[in-house]
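For reference, the structure is listed below as C-alpha cells.
Everything quoted here is computed from the prediction, not taken from an experiment. Lettering follows sequence order; numbering is per chain, from 1.
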Amino acid sequence: MELNLLTLCYLIASVTFILGLKMLSNPLSARKGNLIAAFGMAVAIFATIFLYEDNGEKLHNYAWIFGGLLIGTIAGTLSAKKVKMTAMPEMVSLFNGMGGACAALISAAEFYHIYQLHKNSPEIPFAELATVGHYITIVAGAIIGTISYTGSIIAWGKLNGRVKDYSFKGQHIVNMIVLVLVIIASVWAYQSTIGTIFLPFILIGLFAFIYGVLFVMPIGGADMPVVISLLNSFTGVAAACGGFLYDNKAMLTGGILVGAAGTLLTMLMCKAMNRSLTNVLIGSFGGGNKNDAATGATKAQGNYKEISLADAAMVMAYAKKVLIVPGYGLAVAQAQHICHELEKILEEKGVEVKYAIHPVAGRMPGHMNVLLAEADVSYEKLLEMEDANEEFKTTDVVLILGANDVVNPAAKNDAASPIYGMPILEVEQAKTVIVNKRSMKPGYAGIENDLFFQPKTSMLFGDAKKVLQNLCAEIKTV
Amino acid sequence: MELNLLTLCYLIASVTFILGLKMLSNPLSARKGNLIAAFGMAVAIFATIFLYEDNGEKLHNYAWIFGGLLIGTIAGTLSAKKVKMTAMPEMVSLFNGMGGACAALISAAEFYHIYQLHKNSPEIPFAELATVGHYITIVAGAIIGTISYTGSIIAWGKLNGRVKDYSFKGQHIVNMIVLVLVIIASVWAYQSTIGTIFLPFILIGLFAFIYGVLFVMPIGGADMPVVISLLNSFTGVAAACGGFLYDNKAMLTGGILVGAAGTLLTMLMCKAMNRSLTNVLIGSFGGGNKNDAATGATKAQGNYKEISLADAAMVMAYAKKVLIVPGYGLAVAQAQHICHELEKILEEKGVEVKYAIHPVAGRMPGHMNVLLAEADVSYEKLLEMEDANEEFKTTDVVLILGANDVVNPAAKNDAASPIYGMPILEVEQAKTVIVNKRSMKPGYAGIENDLFFQPKTSMLFGDAKKVLQNLCAEIKTV
Amino acid sequence: MDNILSFISSNQQIIYIVILMIFVGIEVIGRVPSVLHTPLMSGANAIHGVVIIGAIIVMGKAETGNYFALALGFLAVILGTLNVVGGFVVTDRMLEMFKKKPQPPKGA
Amino acid sequence: MDNILSFISSNQQIIYIVILMIFVGIEVIGRVPSVLHTPLMSGANAIHGVVIIGAIIVMGKAETGNYFALALGFLAVILGTLNVVGGFVVTDRMLEMFKKKPQPPKGA
Ligand SMILES: NC(=O)c1ccc[n+]([C@@H]2O[C@H](COP(=O)([O-])OP(=O)(O)OC[C@H]3O[C@@H](n4cnc5c(N)ncnc54)[C@H](OP(=O)(O)O)[C@@H]3O)[C@@H](O)[C@H]2O)c1
Ligand SMILES: NC(=O)c1ccc[n+]([C@@H]2O[C@H](COP(=O)([O-])OP(=O)(O)OC[C@H]3O[C@@H](n4cnc5c(N)ncnc54)[C@H](OP(=O)(O)O)[C@@H]3O)[C@@H](O)[C@H]2O)c1
C-alpha cells in the first residue's frame, strides 16, 4: 500500500518536472513552471522519507536526514537570496556542482556498501558481486558526478575572477589521456578483489577530478554560461545513473529529462551566438584566434570621430527619441543605476527614451534584462531585438553603452566574419549613433567593428559609469 | 533470441514513428518523414510475421497472411494513386475507417477466442475468464474502432456528396442515450456467462455502430476534415488498446502517439479557422446559426458595383502586377486549369502574376496548394499569407476567385463577427479588387462581406470556370 | 483507492510509457504550419495502421480448421493493410505537391 | 550481439522510458526565446537535484554505528538539498525580473 503510494508520488513528480520545464520555456508561464517543478520535488522528497522501504524495512536515521535537509535548505535559501543578480550564473554553477558531488557521493556510498558486506572475504573478485550493468551505473555516476563537480567549481571560480584562463599546448591530448586513465582505472577496479579494490576506485575519482579541472580550464571565462549549461546536463545524467541504481523512476526521468534538455539548451545557447559547441569548447575565438582577428583589424578602417561630452549632452537633450543599447561594458562598469538616472533626466526634458536589448548582449542570455531590472528600469521600456530594429528607423540618437559585437554590421555584411549570421541590432538606421567605450579595442569576439568608422557614428571614450555621471550633470545644465 | 530481435524491431518502429511524425510537421522534411515511418512500419510487420512467438509457438497460416497483405497492398496502392488530389480527405477518411474496423475485428477475434476455449462449459461467468483490465481493453478496442469505422464512412460519404447533412431536434440527447446504451451493454456482457454472452456483445457493436453514424451525421459537410482528424485520433486509441491486449509496444506507442498528436492536430485545425472544437462538433455555424447570420446580413451595406468582362480584361491586361486569390469557389468550379491559362496569357502581356494563398482557403488545409499544383502552377508563384499581405501594397489588381471568408475584413474590424480574429488576406491594400462569385450569397461562415461594398471593389458574377474562360478570350483580344 | 494504487504500481512502467508518449505526440506536432495539416493527418492515419500487427497475430494464431476465426483474421489483415499502404502512399502523393517549398526573401 | 539483444529485451520498458524522455526533453525546450536561457538552465539545474532522493536513501539505510557511511550520506543530503533548494529559489528570483513581459504592438 505505502509502496504503491510512493510509486504514485514519483509519477506525479516526473510529470511536474516535464510540465515545469515546458512552462519554463515560455516567458508568461516560466515562474509558475518553476514552482510546479519545486512542488513535485517536495512530493518526491517527503514521499521517499516516509514511504520508502527496502526489503520491507523503512528508512532510519531520521535525525540525520532532517538535519541535513535543514542545513541545506537554510544555506541554499540564504545564498540564493543574497547573491547579486549579475552573479546568478556563478550561483547556478555552484549549485550544479553540489548536485554533481551528491551523485558522486551516492555512488561512493553504494560502492562502500558492497565493500562492507563482503569485507570479511577479501579474495572475492568484485565482478562476482555486481553485474556489469550494476557496476557501470555505479561507476558512471561517480565519474560524471565528479567531473560535473570540479568543472562547475572551476567555472564558478572563473566567473567571479578567482580562477584565470589557463591553457597550454597539447592540452587536448593531455585531456584525452586523463580520460583514458579514468576508463583504465574503471576496468581495473572491476577486475580487482574486494581486498584490493580501494586503490583503483580512488584513482577513478582522482582522475575524474583532474579531468573536470582540465576540461574547463582552457575555456574562455566569457563562455562559462555555455559550459555551465553543459555541466548541468552532465549532472542530469549522473542523477539518472542513481535512478538506475535504485530503480527509482523519479530520479531516472528527472535526470534524463535534464540531460536531454540541457544538451539541447547548450546547443541553443551556442546558436544564439552563432557559434558551434566545439568552437566554444576548443575556445577558438574566446582564446587563441584573437591574434588572427587582431591582425585582420589592422587593415585601417579610415578615421573615427570623437564627440565631446557637452556636444553629446546637447544632441541627446534636443532629440525626440533616444534608444540606449546596453552591452557587456555597462555590466562591467556597474553603470545600470546611473543609466536609469540618465533616462529619467532625459524624460524630464521631454525626450522619449527606450532600451534596445540584444538577447546575447553581455555574458549570459538575458543579462541586460536582469541588469536593468535590478536598477528598476520599467519593463515597458525594454525592446526586444525585432521591435528595436523597427524602432531605430524613427530614432534620433542611439546611445551605445559598452556594447560592441551585438551592433557589429559585419554580422550582416561580411560572410568571412566569425560572427557572420548572428542577428544584430541595426543601429545604423537611426539618425545619429554615439558609442561609449574605453578605447578602440575589440569586444568579446575579438574583431574590428565597422560601425565606429561610419560618418553617423561618434565615439565618447571613457568608463561607462563615469561618462554617464558626467553626461547626467551636463544634460541638467542644458 | 528471435523474440529479443522482435523487441528490437518494435523499438525501432516506435522511434521511426516519432521521428516520422516530427519530420512530417516541417515542410522541408515532411516527405522523408513519411518514408521513415513507412520503413519502420515495414520492419514491424515483417518482424511480427517471422519472429513472433506465442508460448514458444510461431505463427501459422502464412498463406492467408500473405494473401491478405497482397490484396490490401494492391487495393490500397491503386486507390491511393488513382484518387484525385482534391478528393484526398475522402480517401484518408476511408483508410482511417479501415483501420478502425481492423481494430474492432481484432477485439472481436480475441473475444471469440476466449469463447471458443470455454464453449463447452457455458455456465462459466465471463468475469472469471478475463480481468477487468483485460476486458476493458477488448471492449474499448471494439467500441472505439467501430465508432471510428462508421464515423469515417459517413464522413467519406459527406465529402463525396453521397450523404447529406441531417440533424433533428434533440439529436444531442439521442446521441447521449446511445452512448449510455453502449456502456450498459458492455457491463451486461461482462456479467454474462459464456453461454449467454453473444447477445450483449453484438449489442455493443450495434450501438457503437449507430453512435458513429449519429455522431457525424449533423456536422456540416465542410467541417469534415476536422472530424476526420478527430476520428483519426480515435483509431489511434483503438490501436493502442490492441497494444495493451497483446502487450505489444509498437502498437501501444504508435497508437498513443497518433491519439495524442491527432487530438492536438484537430484542435490546431479548429484554431486555424478561429473556432473551437465544440463549435465544430455541435455545428453552430456550419449549420444552425446560418439563419441568424443571414438576418444580420440584411442591414443593407450600401451598394456594390459590377464590372463587365471587357472592362475586367482591360484593367488586368494593363496592370503591372496582378494577384490572384483562389478560394473554395475555384475548387468547386474545377477552374484551376483555366486559371493557370489566364496566368500565362497575362504574363505574355508582361503582367506579373502571383497567387495569394490563405492557409484555410477551401475546405481542407492546404487545399489551394494542392489544387494549383495539380494545374502545374509553379510553386514560386504561390505566396503565403504573410508574404502576400506585404505584396498587396504594390499590387494593381487583385482577382478574387470564389473566395469569401478569407478576405472578409470583419475578421479584423468587427469583434462581434464569428470569424473575428482569424488572420485574413488584406486585399484592400491593393489598388483595385475584382471579385468573382456567382451571387451575393455568403460563404462558409454564413456572414456578409463588407469588402464587396467598398469603392475599390467591383463584382464579376458567374461560375468561376466560365468567367475565366471568357476572361482569357477577352484578354487575348486586348 | 487501494486497487487503483496497486494497479498504478504494478503497471508503473507502462503508465510512464503512455504518459511520455502523450507528451511526445503533443510536442512533436506543436509547430506545424497549417498548410501541412492535411498531409500530417494523413501521415498519422498511416501510422495507426500499426494495428495491422494485431491483425497478423490474430490471423497467425487462428486454428487451421476454424473458418470463422480465419475469416475474421483475414478480413482484419486486409483492412489493416489498406490502412497502412493506402495511408502512406496517399500521404506521399500529397507531399509531392509541397516539395518545392518557395523561399521568398522575407517580407518581400 | 546476443547479449545486447537480450539486454534490450529484458529492459525493454526502461529503454522505452529513457528514449521517450529524451524526446520529451528535447521537444519541450525547442521553442525557448534566448532571454530565458539563463533561467531555464537554472530551473533544469534545480530539477536534477532530484538526486537528493538517492542521498536520502543512502542516509536512511546506513547502519547506525557505521560513521563513515553516515558521514557520506549526511554530506550527500546536504549537497543535494543545496542543489534543490538553492536551484529553485535562484530561478524564482531570476524569473521575478521577467514577470512583467512587455506586449508592444507588433512591429511598433
Ligand atoms: N549573452 C550571452 O549569453 C553570452 C555568453 C557568452 C558570450 N557572449 C558574447 O558576448 C558578446 C556580447 O556582446 P556585447 O556587445 O554585449 O559585448 P562585447 O562585444 O564583448 O563588447 C563589450 C565592449 O564594452 C567595452 N567596455 C568594457 N568595459 C567597459 C567599461 N567599463 N566602460 C565602457 N565600456 C566598456 C569594451 O570596449 P573597451 O575595452 O574599448 O572599453 C567592449 O568592446 C557577443 O559576442 C556574444 O556572443 C554572450
Ligand atoms: N481549409 C480548411 O481547412 C477548412 C476546413 C473547413 C472549413 N473551412 C472554412 O472555409 C472557409 C474558406 O474560405 P473561402 O474564402 O475559401 O471560401 P468561402 O468563404 O466558403 O467562400 C466561397 C465562395 O465561393 C463562391 N462560389 C461557390 N461556388 C462558386 C463557383 N462555382 N464559381 C464562383 N464562385 C463560387 C461562393 O459564393 P456564391 O455562392 O455567391 O458563388 C462563396 O461565397 C473559411 O471560413 C474556413 O474557415 C476551411
Query raised in the report: Relative to each other, are the rings of B:Trp64 and C:Phe74 parallel, tilted or perpendicular (30° and 60° limits)?
Result: perpendicular

Query raised in the report: In terms of side-chain heavy atoms, does B:Ser148 have a donor or acceptor partner in B:Thr235 at a distance below 3.5 Å?
Result: yes

Requested in this report: Taking the side chain as every heavy atom from C-beta outward, state whether B:Thr253 and B:Tyr10 have any atom pair closer than 4.5 Å.
Outcome: no

Query raised in the report: Measuring heavy-atom distances to chain B, does C:Ala46 have an atom under 4.5 Å in its side chain, in its backbone, in both, or in neither?
Result: backbone

Query raised in the report: Relative to chain C, which segment of B:Leu245 carries a heavy atom at a distance below 4.5 Å: side chain, backbone, both, or neither?
Result: neither

Report task. Looking only at non-hydrogen atoms, find the nearest pair between B:Pro89 and B:Met364 and report the distance. Result -> CG-SD, 2.8 Å

Query raised in the report: So which part of B:Asn96 gets closer than 4.5 Å to some heavy atom of chain C, the side chain, the backbone, both or neither?
Result: both

Report task. With the side chain counted from C-beta on, respond yes when B:Ile357 and B:Leu383 share a heavy-atom pair under 4.5 Å apart, and no when they do not. Result -> no

Query raised in the report: Tell me, side chain or backbone of B:Phe244 under 4.5 Å from chain C's heavy atoms, or both, or neither?
Result: side chain

**Report entry** Residues, nucleotides or ligands: over 12 heavy atoms within 6.0 Å of C:Phe7 CZ
**Finding:** no

Requested in this report: Apply side-chain contact (heavy atoms from CB on, under 4.5 Å) to the pair B:Cys102 and B:Leu105, showing each step before the final yes or no.
Outcome: CA-CA 5 Å; B:Cys102 179; B:Leu105 287 180; 5.7 Å; no

**Report entry** Part of B:Glu57 within contact of chain C (heavy atom distance under 4.5 Å)
**Finding:** neither

Query raised in the report: By a 4.5 Å heavy-atom criterion (distance strictly below it), what part of B:Met251 contacts chain C: side chain, backbone, both, or neither?
Result: both

**Report entry** Which atoms of C:Ile56 approach chain B - backbone, side chain, both or neither, heavy atom under 4.5 Å
**Finding:** both

Query raised in the report: With chain B, which of C:Leu40, C:Val84, C:Val89 has the greatest number of heavy-atom pairs at distances under 4.5 Å?
Result: C:Leu40

Query raised in the report: chain B: which of C:Val24, C:Leu36, C:Ile52, C:Asn11 shares the most heavy-atom pairs with it under 4.5 Å?
Result: C:Leu36

Report task. Using non-hydrogen atoms and a 4.5 Å limit, figure out which bit of C:Ile14 sits close to chain B: side chain, backbone, both or neither. Result -> side chain

Requested in this report: Side chain from CB out, backbone as N, CA, C, O: work out which of these in B:Leu252 comes under 4.5 Å of a heavy atom of chain C, or both, or neither.
Outcome: side chain

Query raised in the report: What part of B:Met91 lies closer than 4.5 angstrom to a heavy atom of chain C: side chain, backbone, both or neither?
Result: side chain

Query raised in the report: In terms of heavy-atom proximity below 4.5 Å to chain C, should B:Lys271 be classed as side chain, backbone, both, or neither?
Result: neither

Query raised in the report: Can you name the closest pair of heavy atoms from B:Gly362 and B:Met368 and give their distance?
Result: CA-CE, 3.7 Å

Report task. Please determine, by modelled atom types, if C:Gln12 and C:Tyr16 share a side-chain donor-acceptor pair under 3.5 angstrom. Result -> no

Query - When C:Met94, C:Arg31, C:His37 are compared by non-hydrogen pairs under 4.5 Å with chain B, the top option - result: C:His37

Query raised in the report: So which of B:Gly242, B:Ala238, B:Pro365 has the largest heavy-atom pair count under 4.5 angstrom toward chain C?
Result: B:Pro365

